[in-house]
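Encoded as structure tokens, the structure appears first; notes follow it.
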Amino acid sequence: MPPSMETLADWLAHCEQLHSKNIELGLDRVRAVAERLGLAFGCPVITVAGTNGKGSTCAMLESILRHAGYRTGVYSSPHLVHFEERLRLAGESVAATALLPHFEAVERARESTSLTYFEFTTLALLRCMAASGVEVAILEVGLGGRLDAVNIIDPDCAIITSIDLDHMDFLGPDRESIGFEKAGILRAGRPAIVSDPMPPASVIDHARAIGADLWRFGHDFNVSGDKQQWGWSGRGAGGGNRRYSGLAYPALRGANQLINAAGVLAALEALRPRLPITAQAVRTGLAMVELPGRFQLVPGQPALVLDVAHNAHAVAALAENLDAMGFFPTTHAVFGVMADKDLDPIFARIGPLIDRWYFTDLPTPRAAPADELLARWQAQNTRGDASGMVCASPMEALQAAIDRADPADRIVVFGSFFTVGGVLANGTPRLQAKHLLPDA
């Protein structure tokens, strides 16, 4: 055991220097340690993979199941502000002190095995969840699916959300190869919920090849609705059809949330024999769901929007949602992102909506430097009335935007979890433009 491991911060620092690589996909090392730990769940497990929509899907599952009376555990990554956000038990972030014995157990069980930060922390958090007596475990895949550490656990139901181009260095150059990696979470004979309306053929082919119980959006379940309410219809777990009608829209705002919600209801229907829920739990759960940083609107003057959109598909949804907000004289954007992102489609899609850019450095070597982001934006910018500047941190960028904004404007903070987390570090900012302050 390493010396002086007394706090969660000590353990996280230890995990960061154990392995030479930040990311190394593959299950052999992590599975060997999990077996020595005896890691297993005695309850239904739902695993969620996808490019975008994973976090929202997990949050909706958690909210509905909690309103149905189940004790839930949710594992997700990365975190926005505090590491403990990665494990929620009965809706609350785990206490740092509760994690310490599980980090110690992983350290003992790994012996001479080298684990990445993600692998080590995932094992510790899953062991903590399994030991806490949850009645349903919801696991969000970190990257890909097939070779992600989360995939050492066999799910009773797997959900694949939208699939798009991201992490191509690890997952392959196109949607087909990325889809194959995501499909690695599917299991023979078990429900495989595909909520992407146009999934890559590789996902469907793999589901059929292994004999998974395939539920496809638009085939096995569907949605309908108007501006006031929506409905879900699909096949029932025991045959026949099932309907939910007159549902309020999910409390998570945005263009893609209905597709995510449809997949959630399909998964809950597939698991109904083991996890029965009421229609009221569905209604209340969707109405009450919360997830910071997903098209999160913070009231104030100027208005503030927080969104962890950091690839072309997610930014397209963000742009759609911004369009739907109505007119603002000027839109300011705080933006910071990892160096591996394809910036041109991001700028092309959201650029017409942004008048002033505040590019920020981030506290990780994997981030693109702010001055590089500015140069990339300038290289493709065709708007003579738009401007950009560089800031040292997300909080400084937000302050720069506030200083230049009028009360009727809006500020959008988007990109990496580090960007959004950086402005949430001291709590949710409530903006009051200097023009409105009594002594201004």
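In this text, all values refer to a predicted model and were calculated from it rather than measured experimentally.
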* **Salt-bridge contact Arg366-Asp340 (side-chain N to carboxylate O under 4.0 Å)** => no
* Asked: Does CD belonging to Glu92 count more than 12 external heavy atoms closer than 6.0 Å?
  -> no
* Polar side chain donor-acceptor pair, Asp409 to His332, under 3.5 angstrom -> yes
* Just do the ring pair (Phe, Tyr, Trp, His ring centres under 6.0 Å) check on Tyr358 and Phe335 with the steps written out, would you? => CA-CA 6 Å; Tyr358 306 80; Phe335 180 58; over 10 Å; no
* **Residues Thr161, Val48; criterion side-chain contact (heavy atoms from CB on, under 4.5 Å); working and verdict** => CA-CA 7 Å; Thr161 64; Val48 182; 4.0 Å; yes
* Is the shortest side-chain N to carboxylate O distance from Asp196 to Arg216 below 4.0 Å? -> no
* Please, which pairs that meet side-chain hydrogen bond (donor to acceptor under 3.5 Å, both in side chains) have at least one residue in residues 125-146, sequence neighbours excluded? -> His102-Arg127, Arg146-Glu181
* For the ring pair Phe417 and His79, is the centre-to-centre distance below 6.0 Å? -> no
* Test side chain to side chain donor-acceptor pair (under 3.5 Å) on Arg175 and Ser202 and set out the steps. => CA-CA 9 Å; Arg175 283 184 86 234; Ser202 58; over 6 Å; no
* Identify which one of Thr419, Val413, Leu80 satisfies the side-chain contact (heavy atoms from CB on, under 4.5 Å) criterion when paired with Leu424. => Leu80
* What's the verdict on side-chain contact (heavy atoms from CB on, under 4.5 Å) for Phe414 and Leu318, showing C-alpha distance, side-chain angles and the deciding distance? -> CA-CA 9 Å; Phe414 79 105; Leu318 170 59; 3.8 Å; yes
* Take Asn151 and Leu27, measure what side-chain contact (heavy atoms from CB on, under 4.5 Å) needs, and give me the verdict at the end. => CA-CA 8 Å; Asn151 203 32; Leu27 299 183; 4.2 Å; yes
* Using only heavy-atom distances, determine whether the side chains of Arg29 and Thr113 contain a donor-acceptor pair under 3.5 Å. => no
* To do: Evaluate the criterion side chain to side chain donor-acceptor pair (under 3.5 Å) for residue pair Arg86 and Ser77; output intermediate values, then yes/no.
  => CA-CA 6 Å; Arg86 294 185 180 215; Ser77 67; 4.7 Å; no
* Asked: Are there more than 12 heavy atoms of other residues, nucleotides or ligands under 6.0 Å from atom CD of Glu290?
  -> no
* Assess the side chains of Asn381 and Gln378: does a donor N or O sit below 3.5 Å from an acceptor N or O? => no
* Test item: side-chain donor near acceptor, His14 and Glu107, under 3.5 Å -> yes
* Would you check, one step at a time, whether the test side-chain contact (heavy atoms from CB on, under 4.5 Å) holds for Asp148 with Thr122? => CA-CA 10 Å; Asp148 185 85; Thr122 297; over 6 Å; no
* Asked: Are Asn52 and Asn311 linked by a side-chain donor-acceptor pair shorter than 3.5 Å?
  -> yes
* Asked: Is the distance between the ring centroids of Trp357 and Phe347 less than 6.0 Å?
  -> yes
* **Contact check, side chains of Val194 and Phe217, non-hydrogen atoms, under 4.5 Å** => no
